[in-house]
Every structure is written in structure tokens, then in C-alpha cells.
Participant: 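Got a structure for you, written out below as C-alpha cells; questions coming shortly.
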Amino acid sequence: MVKSEDGKKTRVNQWYLIFIGAAVALMLAISFVPRNSPGAMIDRIKSCFCSQEWLKYHGLVEDCCCEYETVDRINVEVLYPLLQQIVKYPFFRYFKVKLWCDCPFWPDDGLCHLRDCSVCECPENEFPESFRKASGTGLMPDKLVCQEEKPEAAVDRTVDAKAFKGWMEVDNPWTNDDETDNAEMTYVDLQLNPERYTGYSGPSVRRIWDATYLENCYNYPSEECQEKRILYKLISGLHSSISIHIAADYLLDEKTNTWGQNLSLMYDRVLKHPDRVRNLYFTFLFALRSVLKAKEYLEQADYDTGNPLDDMNTQLSLKKLLNDNQLLSACPKPFDEAKLWKGQSGPELMRQTQKQFRNISALMDCIGCEKCRLWGKLQVLGLGTALKILFSVNGNNPSAQRVQLQRNEVIASINLLNRLSESVKLVHEMGPSVEQMFGKIIGGPSDQSNHRSS
Ligand SMILES: Cc1cc2nc3c(=O)[nH]c(=O)nc-3n(C[C@H](O)[C@H](O)[C@H](O)COP(=O)(O)OP(=O)(O)OC[C@H]3O[C@@H](n4cnc5c(N)ncnc54)[C@H](O)[C@@H]3O)c2cc1C
């Protein structure tokens with residue numbers, strides 16, 4: 001009896017010890033999950049996160065006709081998946097761009113004014129025959145380009161030579177570049193050159209952003225005028241999107257070439273500043289409105305690149321996006337352009353703003369990193385095209401002139417919309433937890449212990 005009582009006690013003690021052991025093991029396991037791994041941290045935070053903070057992004061997006069919650073929903077359910085498909089088709093992959101940097105503002109910069117300051121391309125005889133054929137459309141002349149040294153900043157110029165057919169050539173009054181085909185133009189495959197961290201930083205790029213904000217939008221925020229505010233918000237929204245892409249695809253370890261997310265950078269540059277997040281949503285809705293307004297033109301445009309199946313799918317996917325019931329009923333007019341340029345000073349204000357935006361477009365030629373210049377030019381052309389669509393065409397007046405777009409403008413508009421859609425999705429999905437992590441738990445913006453900032 002006693003023996004069996006003892007045995008019972010021993011068994012109870014054993015179970016007790018096993019239980020304690022398991023609990024200790026579990027606690028140790030939890031504490032050894034890499035605390036600095038962003039994924040692990042986000043999961044831990046998600047479990048105790050209260051979404052109150054994120055409520056600051058709710059209701060109508062300022063100056064727009066659509067709510068934050070609706071934007072997030074239609075983006076995740078409609079826009080993002082369709083745009084991701086569309087930009088991979090040949091028509092939207094190849095962008096024509098002048099990569100030389102002829103900075104018209106500060107020729108003594110030392111970075112950008114020299115045409116022979118960097119990469120030499122392969123001699124013609126080393127270049128595949130099929131690519132050489134495309135040189136008639138401007139593939140090869142850009143032999144020497146300027147850029148800072150980082151290898152990740154260089155543009156990969158490999159293209160599919162079948163993809164080029166002529167389109168209408170009409171000038172865009174909002175942009176600086178002459179978009180017509182000429183010897184300085186290069187075709188670039190955007191899929192080979194993702195917008196991501198390039199290591200481009202320092203005083204030369206600061207000068208460009210400063211010039212963009214200070215010289216062109218210097219009156220903001222005291223400026224009362226809505227039109228000026230809108231130009232500022234477009235640039236700020238684009239800036240947020242560029243920063244989100246840098247943070248989302250960052251070179252975490254140069255030695256091992258490890259790429260990943262830099263959450264502290266995402267927080268410091270964008271999420272910490274609610275106005276920058278709001279401007280991102282604004283710019284997204286502005287770009288979306290312009291694409292929806294050009295629906296008729298986009299549905300009928302010629303997407304022929306010599307790849308019949310891809311070209312048919314390009315048109316079908318675009319039609320699906322432009323006619324999506326969920327999108328059109330949730331957010332029929334994302335932005336109301338008819339409110340602008342009213343009153344006596346309207347036309348003069350429009351001329352001024354157009355000139356300012358052309359300056360911003362010209363500033364892209366001062367960017368001392370090829371890949372940044374490529375995406376800077378594409379997205380500024382996308383914004384210029386949105387401005388052209390919204391303000392050169394009067395949608396309520398059937399006799400008004402129909403919008404005429406160049407092929408490159410269409411490519412820029414859709415790729416810009418896709419970039420903004422990616423950024424909005426990232427901010428929506430990661431914003432609350434990243435904000436909680438860096439704003440509260442770690443102790444604020446100055447904490448850089450997890451990642452190196454550029
Ligand atoms: C057109 C363009 C494209 C670029 N593309 C790339 C790229 O693809 N990859 C890459 O690695 N680098 C790119 N860069 C460089 C990048 O944008 C930063 O300039 C660089 O990483 C240095 O960042 P920073 O910390 O100095 O802050 P920056 O981003 O340069 O910001 C400078 C200042 O502008 C203000 N500011 C910042 N964000 C906003 C905002 N959203 N709204 C209003 N004001 C703001 C702040 O006062 C900030 O201190 C690009 C630059 C330009 C001009």
C-alpha cells in the first residue's frame with residue numbers, strides 16, 4: 001500500500017516535472033525566436049495590436065471622393081491583382097526612355113553632367129542580332145551613361161525586339177522630355193529593373209528632392225490654393241511610394257547579397273508621417289481617376305507587340321479593370337477634377353502649374369543613378385499623363401477634344417498606377433504593425449538596431 005502510494009507520488013512528481021520542463025522549454029523556445037526578425041516581431045505584435053491608432057486613416061481621402069477603407073478594399077480585391085498581371089505583358093514591360101542625364105539646373109554638380117562618367121555597353125558585335133535590329137528604334141545609341149558607382153543602380157538593357165510598333169506622337173504639355181523617338185532613346189524592360197534600393201543617397205539627391213519641393217511648391221502648406229496643394233501632394237505621394245519600394249526591397253547585407261524588408265526605414269520615411277501616407281492615397285486616387293477617365297481611349301488602343309496571345313490578354317485585362325463593377329460602384333469618381341482651375345485666375349494658374357510640373361519633369365535628368373532616373377522619369381511621365389488626361393479634356397463636354405496619348409504615356413500611366421497600388425497595399429497590410437513596433441515598443445524613430453538605413 002505504502003509502496004503503491006509512494007509509486008503514485010513518484011508518478012505525480014514525474015508528471016509535474018515533465019510539465020514544468022515542457023513549460024520551461026516553451027518559454028526558452030519563444031525567447032530564442034530571433035527577436036529582430038521582422039516577421040517574428042510582426043507576428044508577436046499582431047497578436048496584441050489594437051487597431052485604434054490606424055483609425056487616423058479613415059473617412060474620405062482629403063480632396064478625393066473615396067474613403068480609405070474603400071480604397072484598401074478595391075485595391076486588394078480588384079486593382080492590385082489585375083495590375084500585377086497587366087504590367088507583365090510585353091506592351092507594358094518596355095519603356096522608352098532617355099537615360100542620359102542632361103541636368104539643366106546645375107551643370108557643375110560633378111555627378112550627372114558628364115556623359116562619359118560611367119558604364120560602357122557591349123560593342124555592337126557582341127550584341128545579339130535580334131536586339132541590334134531594334135537599334136533603329138533607339139536601343140543602342142545610349143552608349144555611355146552617367147551614374148554613381150553602385151552596381152545595383154545600373155539599368156539592365158536587355159529587351160525583346162519584337163515588342164515595338166509605332167504609336168501616335170503628340171507632345172505632353174506637362175512634361176519636359178520630347179517623347180518622340182530619337183537617337184537618344186533606349187528601350188528598357190521594366191521587369192528586369194525593379195524599383196528597389198540602389199544605394200543612391202547624399203547631398204546630390206537631397207538637392208533634387210529639395211528643388212522639387214522648395215522651388216516648385218514653395219508656398220505649401222500656407223498656400224491656400226487647392227491647385228498648388230494638389231501638385232505638392234502628388235509629389236509627396238510619389239516620394240512616399242518610392243520610399244516604400246526602397247524599404248520593401250532593400251539590400252540588407254551587402255556581403256551576402258541578402259535582400260529583404262527594411263521596416264525601420266519604412267517607418268522613418270513614411271509611416272511616421274501621416275501626411276505622407278495620406279498623400280500616397282491621394283496620388284493613387286488621382287492616377288486611378290485619370291486612367292478611368294481615359295477608358296474609351298485605353299479600350300480601343302492598339303496593343304500589338306507581335307505577340308498575339310499576350311496582346312489579346314493585355315487588352316482583355318485592361319478592359320476588365322476599366323469596367324469592373326465592384327470598382328465602379330465603390331469608387332465611381334476617385335477624384336473630381338472639375339472643381340479645379342475655376343474662376344478668373346484659373347487659366348493663368350493652370351499655366352503656372354504646368355510650368356512648375358515641367359520643371360519637376362526636367363529635374364529627373366539630374367538624378368545621378370540610372371535605375372532611379374528610369375523610375376523617376378517613368379512615374380513623373382505617368383503623373384504628367386494623368387494631369388494631361390484630367391485637365392486637357394473636358395469630360396462633360398462631348399464636343400471637347402478627345403484625349404490623345406502616346407504609347408509611352410500609356411505605359412507610364414499603368415506602371416505608375418501599379419507602383420502606387422503596391423505601395424498602398426504594403427502600407428495597408430504592414431502599416432499598423434510596423435507603426436506599433438517602431439513607434440511604441442522599440443522606442444521610437446531613432447532606433448535603428450535592426451537594419452541599416454541608407
Ligand atoms: C525621382 C527619384 C527616384 C528615386 N528612386 C530611387 C530608387 O529607385 N531607389 C533608391 O534606392 N533610391 C531612389 N531615390 C533616392 C531616394 O528617394 C532617397 O533620396 C535616398 O534614399 C536618400 O533618402 P533620405 O533619407 O535622405 O530621404 P529622402 O527620401 O531623400 O527625403 C529627403 C527629405 O524630403 C522630405 N520627404 C521625404 N519623404 C517625403 C514625402 N513623402 N513627402 C514630403 N516630404 C518628404 C523629408 O524632409 C526628407 O528629409 C530616388 C530619388 C529620386 C529624386
Side-chain angles (χ1 to χ4, degrees), residues 79-99 121 127-128 130-140 142 145 152-169 177 179 181 185-196 198 241-242 245 248-249 287 291 294 297-299 301-322 364 370-385 405-423:
L79 292 166
Y80 178 83
L82 277 171
L83 286 164
Q84 289 288 304
Q85 253 179 36
I86 293 171
V87 295
K88 292 191 178 75
Y89 291 126
F91 182 87
F92 286 104
R93 280 173 65 157
Y94 298 108
F95 181 63
K96 186 178 69 175
V97 61
K98 186 170 72 103
L99 284 174
E121 292 186 357
F127 218 60
S130 58
F131 295 177
R132 243 182 291 152
K133 273 192 197 133
S135 69
T137 57
L139 180 70
M140 283 296 294
D142 199 357
V145 291
E152 53 275 6
V155 165
D156 183 331
R157 288 168 161 75
T158 311
V159 294
D160 173 356
K162 277 193 297 182
F164 311 110
K165 288 270 164 77
W167 261 46
M168 175 147 336
E169 288 180 354
D177 264 348
E179 292 292 330
D181 260 339
M185 292 291 195
T186 302
Y187 282 95
V188 173
D189 182 342
L190 298 171
Q191 293 295 311
L192 292 181
N193 294 284
E195 184 185 25
R196 44 146 71 167
T198 61
S241 182
I242 290 171
H245 279 89
D249 202 355
V291 166
Y297 188 86
L298 292 174
E299 280 184 341
D302 179 5
Y303 296 99
D304 182 6
T305 64
N307 303 276
L309 188 61
D310 279 340
D311 297 341
M312 189 182 73
N313 284 329
T314 309
Q315 193 146 26
L316 286 177
S317 306
L318 209 51
K319 275 191 176 165
K320 207 164 155 192
L321 189 153
L322 297 166
M364 298 301 108
E370 257 194 346
K371 223 178 247 173
C372 314
R373 202 177 317 130
L374 164 67
W375 283 104
K377 285 192 154 201
L378 180 143
Q379 295 183 92
V380 166
L381 177 60
L383 284 181
T385 307
L405 299 176
Q406 293 183 57
R407 174 194 159 113
N408 227 27
E409 290 174 329
V410 173
I411 295 169
S413 302
I414 297 295
N415 274 286
L416 168 70
L417 192 61
N418 181 52
R419 299 275 97 188
L420 295 167
S421 155
E422 287 175 349
S423 297

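What you see below is based on every heavy atom in this structure, not just the backbone, and it leaves out hydrogens, waters and symmetry mates.
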Participant: If you compare all heavy atoms of Ala287 against all heavy atoms of Leu420, which two are closest, and at what distance to 0.1 Å?
Facilitator: CB-CD1, 3.9 Å
Participant: Can you tell me how far NE2 of His245 sits from CG of Asp249, rounded to the nearest 0.5 angstrom?
Facilitator: 9.0 Å
Participant: Hey, what do you get for CD1 (Ile414) to CG (Leu318), rounding to the nearest 0.5 Å?
Facilitator: 5.0 Å
Participant: So, for Leu83 and Ser421, which heavy atoms are closest and what is the spacing to 0.1 Å?
Facilitator: CD1-CB, 3.9 Å
Participant: Pick one: which of Lys371, Arg419, Glu422 meets side-chain contact (heavy atoms from CB on, under 4.5 Å) with Glu195?
Facilitator: Arg419
Participant: Examine distances only and state if a side-chain atom of Lys377 and a backbone atom of Met364 form a donor-acceptor pair shorter than 3.5 Å.
Facilitator: no
Participant: Using the side chain to side chain donor-acceptor pair (under 3.5 Å) criterion, which residues pair with Asp311? Sequence neighbours excluded.
Facilitator: Thr305
Participant: Nearest heavy-atom pair of Val188 and Asn193: which atoms, and what distance?
Facilitator: CG1-ND2, 3.3 Å
Participant: What is the minimum heavy-atom distance between Ser423 and Ser241, and which atoms define it?
Facilitator: OG-OG, 2.7 Å
Participant: Rounded to the nearest 0.5 Å, how far does CG of Leu416 lie from CH2 of Trp375?
Facilitator: 10.0 Å
Participant: Output the distance between atom CD1 (Ile411) and atom CZ (Arg93), rounded to the nearest 0.5 Å.
Facilitator: 12.0 Å
Participant: Would you be so kind as to tabulate the donor-acceptor pairs closer than 3.5 Å made by side chains of residues 85-92, with sequence neighbours excluded?
Facilitator:
| from | atom 1 | to | atom 2 | distance (Å) |
| --- | --- | --- | --- | --- |
| Gln85 | OE1 | Ser317 | OG | 3.4 |
| Lys88 | NZ | Gln84 | O | 3.1 |

Participant: Rounded to the nearest 0.5 Å, how far does CG of Asn307 lie from CG of Asn313?
Facilitator: 11.0 Å
Participant: If you apply the rule side-chain contact (heavy atoms from CB on, under 4.5 Å), what do you find for Thr385 with Leu405, and how did you get there?
Facilitator: CA-CA 8 Å; Thr385 307; Leu405 299 176; 3.8 Å; yes
Participant: Test of understanding: with side chain to side chain donor-acceptor pair (under 3.5 Å), list the residues that count as partners of Thr314, not counting sequence neighbours.
Facilitator: none
Participant: Quickly, which of Leu381, Asp189, Asn415, Thr186 forms a side-chain contact (heavy atoms from CB on, under 4.5 Å) with Phe95? Name it, please.
Facilitator: Leu381
Participant: Closest approach of Gln315 and Tyr303, non-hydrogen atoms and distance?
Facilitator: CD-CD1, 4.0 Å
Participant: Starting at CD of Glu299, measure out to CG of Leu316 and round the result to the nearest 0.5 Å.
Facilitator: 11.0 Å
